[in-house]
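Reviewing the structure listed below.
Since the structure is predicted, the reported quantities are computational estimates derived from the model, not experimental observations. A, B, ... follow the sequence lines: proteins, then strands. Residue 1 opens every chain.
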Amino acid sequence: MPVHNADLAAIFEEIADLLEIQGANPFRIRAYRNGARILGDLPHEVRLLVEQGEDLTRLPGIGVDLAGKINEIISTGRCSILERLHRELPPHISELLKIPGLGPKRVRVLYHDLDVQTIEQLRRAAKDGRIRSIPGFGEKTELNILRAVEAHANQSRRIKLAVAAQYAESICVFLRSIPGVQQVAVAGSFRRMRETVGDLDILVIASSGSRVMQSFTGYDEIATVYSVGDTRASVLLKCGLQVDLRVVGQHCYGAALHYFTGSREHGIAIRRIAQQRGLKVNEYGVYHGFRRVAGDSEESVYQAVGLAYIPPELREDRGEIEAARAGRLPHLVELSDLRGDLHAHTTASDGHDSLHDMALAAKEIGLEYLAITEHSRRLAVAHGLDSLQLARQCDEIDRLNEQLCGITLLKGIEVDILEDGGLDLPDSVLARLDIVIGAVHSGFDLPRAKQTKRILCAMDHPNFTLLAHPCGRLIERRAPYDVDMLSIIRHAGKRGCFLELNAHPERLDLLDIHCQMAKEEGVLVSINSDAHSVFDFHNLRYGVGQARRGWLEKKDVLNTRSLTDIRSLLRRTMSV
DNA sequence: GCCGTTTTCGGCCCGACTGTTTTCAGTCG
């Protein structure tokens, strides 16, 4: 069983958890966590680097020791330090750290004093009133632990960005209605456009924090108030989403927005740079001693530490700071750069609106062209089209294009890639189309080599233009299929075809790290809505967010091209 | 355990809220 980066990251995280419970040197623990993050973020499999004899200590945060442990895990499938920790501590004790309010020190005390090793034992200890007797714990802590355990049992998972947006919007409307509130901004992973968010971080600019807090805690969607002070409150909404609210004064806006946008890793890196320059950065500003030198705007914060402004989507400590320092930050693609959409459905297959209405809706949001790409016959559940039905739709598109003004429909298909790598419709039919999107809709669990070969083979088809939702995952519902994405991207480059970034909030597929990979390999990415109704074009904003997280610029995105250029790019692909 | 324009040793980001104490540790973001 090959060791993936995620496996290595999980092992390092577990080591960090267990060391923390043992009370080890916090900086040693941080080194493991940092290593886990680095590995988890890498676009290439570390296993392959090892096979190629690469020196792993060249990776940031990986020194001789961690490199040795990575080598050990990859070559033996075992990790001796983790095995030692498992001998010294109960097997599932790190699970206890997942209970909010329980950190390593309390877990250690609970284990030593009450022999609590599992969440169930913790629940029983709290119910029996045994926890309150431990020094440093009290009745309230015991009650909070019991509540947290019960909340953990029916804990909600991370919420998709588009769903979180709905809750964020109504909270912002509420907050703006509170007297004295001057500005409201959603920060955190929401602002960084992560595909899912664990909570909402909301920043409020107001003169009086306590007044805002008093009103906010009366918001009728709140189920539980976890904590509330004059500048900070933490609540759980009835929908299961946690909201952290911060209130600062107007002059702190930039510093606070930067601080609460994160990511945590990016913030730490910035504060470290500040420290090296004799500065201190917090949510109130940038300070030289007691003198405040910046913080009104985010730009001023970056300027104070000698960096260009870094857009929120890049703030993950994945090279953006080095790029800012070197003046190499990308000029990220924007929603307004999109001139067309290359993936949409109508009532002819499983869409909800007519050709005509989809065309008008696309025009309405400022697009110049829209490719109609129904499913093919194999996907019967979505009423996939056969050759005859597709030919009829092509005729209809020709007729409609003569009537339409300001929008052009392109003739396409989202054709199933069969398990042998063939396409689900005859060549003669595909040859008539402007665009052929290949998609995997079956056989998700093929082994990696077979799945990869299937897609490479499909790309070799002379009419193949674009690979739809390349990893096939549904966020929080279906894992991506196991493919060698680098091979696929390189093959696309060789064949002159393109990759889709499917903007549907359930998909957001390509992943951000694969966008970066495509950019490095010079393969253009098409940000497509996969619209099934006239409302779905709004999802393009999430696709653009994901593309920005993947460092894509206007020039890296296929559908920022004009209709003329698109036609010529698609034709060129066909003729390769 | 990592790292280096200050450094191969001695650093390693910063503040708010809670609960238990009575000045602060633990946790969280």
**Asked** Contact class for Q242(A) (heavy atom, under 4.0 Å): base, sugar-phosphate, or nothing?
**Response** sugar-phosphate
**Request:** Check side chain to side chain contact (heavy atoms under 4.5 Å, CB included) between V293(A) and all other residues, then give those that pass, not counting sequence neighbours.
**Result:** L279(A), V286(A), H288(A), R291(A)
**Fill in**
Taken in chain and number order and not counting sequence neighbours, the residues that satisfy side chain to side chain donor-acceptor pair (under 3.5 Å) with E72(A) are S80(A)
**Request:** With P as the reference atom in both, quote the distance from dT18(B) to dG1(B) in angstrom, rounded to an integer.
**Result:** 37 Å
**Prompt:** Checking all strands, does I29(A) fall into the base, sugar-phosphate, or nothing category for heavy-atom contacts under 4.0 angstrom?
**Reply:** nothing
**Footprint string (nucleotides 9-19 of chain B, 5' to 3'): B base within contact, S backbone only, - free, heavy atoms under 4.0 Å** = ---BBBBSSSS
**Prompt:** What pairs meet the side chain to side chain donor-acceptor pair (under 3.5 Å) rule with one or both residues in residues 273-286 of chain A, with sequence neighbours excluded?
**Reply:** none
**Prompt:** When rounded to the nearest Å, what value does the distance between C1' atoms of dT5(B) and dC17(B) take?
**Reply:** 40 Å
**Message:** So I99(A), base contact, sugar-phosphate only, or nothing? Heavy-atom distance under 4.0 Å.
**Reply:** sugar-phosphate
**Complete:** Residues passing the ring-ring contact (aromatic ring centres under 6.0 Å, His included) test with Y111(A), sequence neighbours excluded, are none
**Prompt:** Contact class for P104(A) vs. all strands (heavy atom < 4.0 Å): base, sugar-phosphate, or nothing?
**Reply:** sugar-phosphate
**Message:** Under 4.0 Å, heavy atoms only, any strand: does D199(A) hit a base, just the sugar-phosphate, or nothing?
**Reply:** nothing
**Request:** State which residues pass side chain to side chain contact (heavy atoms under 4.5 Å, CB included) with P480(A); sequence neighbours excluded, sorted by chain then number.
**Result:** C471(A), R473(A)
**Complete:** Residues passing the side chain to side chain contact (heavy atoms under 4.5 Å, CB included) test with R246(A), sequence neighbours excluded, are D201(A), L203(A), R232(A), D244(A), F260(A)
**Complete:** To the nearest angstrom, the CD-P distance between E265(A) and dG29(B) comes to 13 Å
**Message:** From CD of E20(A) over to P of dA25(B), roughly how many Å is that when rounded to an integer?
**Reply:** 17 Å
**Asked** Nearest-Å distance, CD1 (I134(A)) to P (dG26(B))?
**Response** 13 Å
**Message:** So that I can tick it off, tell me whether K160(A) and E476(A) are bridged by a salt bridge, with the cut-off set at under 4.0 angstrom between side-chain N and carboxylate O.
**Reply:** no
**Item:** Rounded interatomic separation in angstrom, taking CG from D65(A) and P from dC3(B)
**Value:** 12 Å
**Message:** Using a strict heavy-atom distance below 4.0 Å, which residues from residues 52-61 of chain A are in contact with DNA chain B?
**Reply:** P60(A), G61(A)
**Message:** If I pick the P atom on dC13(B) and the same atom on dT23(B), what distance separates them, to the nearest angstrom?
**Reply:** 30 Å
**Asked** With sequence neighbours excluded, what pairs up with H469(A) under the ring-ring contact (aromatic ring centres under 6.0 Å, His included) test?
**Response** H441(A)
**Flag, side chain of S210(A) to backbone of D230(A), donor-acceptor distance under 3.5 Å** = no
**Nearest-Å distance for atom pair CZ/C1', residues F190(A) and dG29(B)** = 18 Å
**Complete:** side chain to side chain contact (heavy atoms under 4.5 Å, CB included) filter on L143(A), not counting sequence neighbours, yields R147(A)
**Prompt:** Just how far, in rounded Å, is C1' of dG1(B) from NZ of K69(A)?
**Reply:** 8 Å
**Request:** Could you work out the separation of dC12(B) and dT8(B) based on their P atoms and round it to a whole Å?
**Result:** 16 Å
**Message:** Measure CZ/R37(A) against C1'/dC2(B) and give the value in whole Å, please.
**Reply:** 13 Å
**Asked** Which pairs with one or both residues in residues 17-39 of chain A pass ring-ring contact (aromatic ring centres under 6.0 Å, His included), sequence neighbours excluded?
**Response** F12(A)-Y32(A)
**Item:** Positions of residues 293-319 of chain A (non-hydrogen atom under 4.0 Å from DNA chain B), listed by number
**Value:** none
**Request:** Would you sort out whether H86(A) and H92(A) count as a ring pair (Phe, Tyr, Trp, His ring centres under 6.0 Å), showing the intermediate values?
**Result:** CA-CA 9 Å; H86(A) 279 161; H92(A) 302 299; 8.6 Å; no
**Message:** What's the gap between dG26(B) and dT21(B) when it is taken at their C1' atoms, as a whole Å value?
**Reply:** 14 Å
**Request:** Please state the C1' separation for the pair dC9(B) and dC14(B) - nearest whole angstrom.
**Result:** 25 Å
**Message:** What is the separation between atom CD1 on I11(A) and atom P on dG1(B), rounded to the nearest whole Å?
**Reply:** 16 Å
**Complementary nucleotide for dT8(B) - Watson-Crick or wobble, under 3.5 Å** = none
**Item:** Separation of the C1' atoms in dT27(B) and dT20(B), to the nearest angstrom
**Value:** 14 Å
**Asked** For the side chain of D556(A) and the backbone of E553(A), is there at least one donor-acceptor N/O pair under 3.5 Å apart?
**Response** yes
